[in-house]
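Written out below as structure tokens is the structure these notes cover.
Model, not experiment: these values are computed from the prediction. Whatever order the structure lists them in is the order used to number ligands and atoms, beginning at 1.
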Amino acid sequence: MAVFDHTEFDNHESLHFINDESTGLRAIIAVHSTALGPAAGGCRRWSYASDSEALTDALRLSRGMTYKNAVAELPFGGGKAVILADDAAPKSPELLAAFGRAVNSLGGSYVTAEDVGMSVEDMRHVQQQTKFVSGLPQSGGDAGGDPSPWTALGVFLGIEAAVKVRFGRDSMAGLTVAVQGVGHVGAHLCRLLHDAGARILVADVNSDNLNAVAENVPVEVIAPSEILYAEADVLAPCALGNILTSATIPKINAKIIAGAANNQLSTLEDGARLSAQEILYAPDYVINAGGIISVSHEYYGGSSEDKVRADVEKIPTRLQAIFAESNDSGRPTNEIADEHARRLITAGEK
Ligand code: NAD
């Protein structure tokens with residue numbers, strides 16, 4: 001398994017491979033950059049087909065966090081942890097404690113939180129072993145807790161901004177949005193879209209999650225294999241990454257792609273493919289920063305939900321600037337977002 005020669009290796013500062021024999025924990029912590037602060041990014045627990053697939057995910061996700069945190073103007077670098085899910089090593093308090101000790105051993109260069117496959121409760125166990133953790137339950141209007149409602153709010157506001165640019169409309173009423181994945185973020189997003197008058201198509205591979213959403217919000221369920229290509233105005237990917245490829249893009253009917261999933265584009269060139277097809281793409285790490293904004297307010301302390309909201313409400317303005325530059329230059333939105341991120345990182349390093 002190549003590391004330094006890996007196609008996704010991007011000058012990452014450090015990689016940590018964790019093996020805890022007593023609990024069966026196997027994890028990778030990738031610290032991409034600490035140029036702007038501690039490398040912050042959630043911990044994902046996923047059943048990977050191979051170690052090498054897990055490494056690829058850790059490398060890509062941690063780099064994305066560096067860019068996300070820079071564009072969101074947070075005092076964080078970028079990192080990510082992946083836990084290799086294994087039936088022989090179930091998610092137990094002991095396994096989570098072992099993960100917490102691994103995070104602690106890095107002395108604060110990496111700050112963890114929840115991501116796919118991890119919950120607020122899991123973070124409580126991690127917290128027993130380290131203070132370098134966020135996304136913990138809060139009370140009384142303090143900032144923090146489950147980041148996903150904030151991610152959903154940022155995505156919703158970003159969709160509204162994209163609708164304004166692509167369709168010249170101030171309202172979501174009557175528009176159709178296809179939501180891929182109705183887990184933590186997707187479910188909250190459906191509620192916001194419904195309240196704004198949108199028609200909602202959903203798909204998920206988990207029927208419990210589908211049923212939970214359908215009980216609360218009027219949605220039309222379609223097959224997971226069809227959601228990307230649905231007859232919709234907006235496609236909101238809220239499941240996993242690598243879904244926008246040379247094979248899928250030609251079949252997409254939506255004119256806007258704006259969702260929470262990290263690493264939606266399979267390659268950089270896929271951004272140009274979307275642009276050529278006149279699909280307005282909201283760069284994933286710009287639109288989905290709501291959760292890490294909440295994590296940042298919680299981690300540094302003394303903040304409130306109102307302050308988190310005010311910062312999440314800056315997401316549409318950032319997207320509008322990227323959309324405008326893309327329109328003026330004819331260049332894809334993902335390239336412009338990457339340039340913004342690199343500029344902010346370089347300025348912050350000085
Ligand atoms: P989640 O695990 O709660 O939900 C993901 C959902 O997608 C699940 O219901 C899962 O069954 C479904 N899914 C998986 N594969 C699918 C497929 N092929 N078709 C349809 N559905 C499928 O995760 P989440 O916290 O809601 O996050 C969703 C995405 O947003 C992830 O990519 C995550 O990295 C990203 N993200 C989340 C946050 C956050 O605050 N939770 C922040 C930023 C980015």
*Aromatic rings H12 and H32: how do their planes relate, parallel, tilted or perpendicular, breaks at 30° and 60°?*
perpendicular

Numbered atoms and elements of ligand 1 in range of [X], under 4.0 angstrom, heavy atoms:
X    : answer
P147 : 40 (O)
S148 : 40 (O), 41 (N)
K68  : 43 (C)
N206 : 11 (O)
D115 : 33 (C), 34 (O)

Applying a heavy-atom cut-off of 4.0 Å, say which part of [X] lies close to ligand 1: side chain, backbone, both or neither.
X    : value
I227 : neither
V185 : both
K80  : neither
E114 : neither

Residue and atom name of the nearest protein heavy atom (relative to [atom]), distance in Å to one decimal:
atom                    : value
atom 3 (O) of ligand 1  : H184 ND1, 2.6 Å
atom 2 (O) of ligand 1  : V116 CG1, 3.5 Å
atom 18 (N) of ligand 1 : V205 CG1, 4.0 Å
atom 4 (O) of ligand 1  : G183 CA, 3.2 Å
atom 5 (C) of ligand 1  : C238 O, 3.8 Å
atom 38 (C) of ligand 1 : T151 OG1, 3.7 Å

Is there any N or O on [X] that sits under 3.5 Å from an N or O of ligand 1?
X    : result
W46  : no
G241 : no
N209 : yes
G186 : no

Can you tell me if [X] and [Y] form a side-chain donor-acceptor pair at under 3.5 Å?
X    : Y    : value
R60  : N262 : no
H297 : E305 : no
S14  : H16  : yes

*asked:* Given A260, A203, A239, identify the one with the heavy atom nearest to atom 32 (O) of ligand 1.
replied: A239

_Measuring from atom 11 (O) of ligand 1, which candidate in D204, D146, I287 has the nearest non-hydrogen atom?_
D204

Between [Y] and [X], is there a salt bridge with N-O shorter than 4.0 Å?
X    : Y    : answer
R318 : E73  : yes
D122 : K91  : yes
K80  : D115 : yes
D57  : R44  : yes

*In terms of heavy-atom contacts, does CZ of R331 have more than 12 from other residues, nucleotides or ligands at under 6.0 Å?*
yes

*asked:* Between E298 (side chain only) and G135 (backbone N and O only), is there a donor and an acceptor less than 3.5 Å apart?
replied: yes

*Given S246 and R273, is the side chain to side chain contact (heavy atoms under 4.5 Å, CB included) satisfied, shown in steps?*
CA-CA 8 Å; S246 56; R273 285 193 180 94; 3.6 Å; yes

*Does some side-chain heavy atom of I159 sit less than 4.5 Å from a side-chain heavy atom of L189?*
yes

*Verify salt bridge (Lys or Arg N to Asp or Glu O under 4.0 Å) between R342 and E339, making sure each step is shown before the conclusion.*
CA-CA 5 Å; R342 283 193 287 266; E339 269 174 24; 5.6 Å; no

